[in-house]
Protein chains: 2
Amino acid sequence: MFGVEDKSYPIELVADFLGVNSRTLYYYEKFKLVCPMRRGKKRYYSKADIEWLEFVRDLMYREGMNLKSITLLIRRRDQVVLSKCPEDVLDSFKNYLVKVEKNLEEEEDEE
Amino acid sequence: MFGVEDKSYPIELVADFLGVNSRTLYYYEKFKLVCPMRRGKKRYYSKADIEWLEFVRDLMYREGMNLKSITLLIRRRDQVVLSKCPEDVLDSFKNYLVKVEKNLEEEEDEE
DNA sequence: AAACTTTTTCGCTTAGAGTGAAAATAAATT
DNA sequence: AATTTATTTTCACTCTAAGCGAAAAAGTTT
């Protein structure tokens, strides 16, 4: 996919690979759809991050979903849609999902 | 909910009840989100139609989902989201869903 | 067929998603 | 540490989806 294991990649490279603008990735981050590792201010995307973003991108571009729908499915741990995401990617994203859910419970508490 | 069993209601009344414009209901129909019975050209919404529309409206207004996402979940018979819809409403909507899926398979064939 | 409804079409508005360009900040290099 | 280079952030703009107002067209009713 991008060569070596456990490497991480700068935003511009990832954006190119995904075929989106880097500003789009910043935008997704605001919606907690991704959370790249940071050294200082600079972002580093892992392989799992990138595959996750591919998955998100497809939901948006291929299927026409919007951001809110995707975050809703994440929060409800939706099987039907999320299961289309590669097992290992979802695994490595799980910790992050938990973190996100906790934050969401604090901010707004419905459900 | 609206009184008597097995009755049906004209679009303006339903729109009022749901708190949306009747044009919105025509709009949803284009996206195959609802399919009211028709006598001639005139539409008649059943109780199940109305409850289904309430469900859809909440997904859109409360959760911020878009139409494409909802139709995707329907096509994938998504449990997590669709299960929030009353059993009986979903039941009476099932025949319609099957019909919708068949049409979709003819038009575009992916999946 | 006149009066009244419902449907359809056209065009406008608002908000979400995405991006370009430049300003601000950080990182790297000499 | 000062200059160059890269990244982040902000601002403003575009494009499309969702929704609705108003009027024209088609249907119903009496």
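In what follows, chains carry the letters A, B, and so on, assigned in the order in which the sequence lines appear, proteins first and then strands, with residues in each chain numbered from 1. The analysis underlying the following values was restricted to heavy atoms, covering all of them including side chains, and did not include hydrogens, waters or symmetry mates.
The phosphate of D:dT9 (OP1 or OP2) has no side-chain N or O of A:Y26 nearer than 4.0 angstrom. For the pair B:R43 and C:dT7, the criterion of a side-chain N or O lying under 4.0 Å from OP1 or OP2 is met.
Under a 4.0 Å N-O distance rule, the pair A:E54/A:K84 does not qualify as a salt bridge. Classification of B:R38 and B:E29 as a salt-bridged pair holds, one side-chain N sitting under 4.0 Å from a carboxylate O.
Taking B:V80 as the reference, A:R76, A:D78, B:D78 meet the side chain to side chain contact (heavy atoms under 4.5 Å, CB included) condition, with sequence neighbours excluded. Listed by chain and residue number, nothing satisfies the salt bridge (charged side-chain N to carboxylate O under 4.0 Å, His left out) test with A:R39 (two or more places apart in sequence, or in another chain).
The distance from atom CZ of B:R38 to atom P of C:dT6 is 13 Å, rounded to the nearest whole Å. One interatomic measurement links the two molecules: OH of B:Y45 to P of C:dT6, which rounds to 12 Å at whole-angstrom precision. Computed from coordinates, the B:K30 NZ to C:dT7 P distance equals 14 Å when rounded to whole Å.
By the 30° and 60° cut-offs, the orientation of the rings of A:Y27 relative to A:F31 is perpendicular.
Between B:C85 and B:F55 there is a side-chain heavy-atom pair separated by less than 4.5 Å.
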*Could you run through nucleotides 17-30 of chain D and give me one letter per nucleotide, 5' to 3': B if any protein heavy atom sits under 4.0 Å from the base, S if only the sugar-phosphate is that close, - if neither?*
SBSBBB-----S--
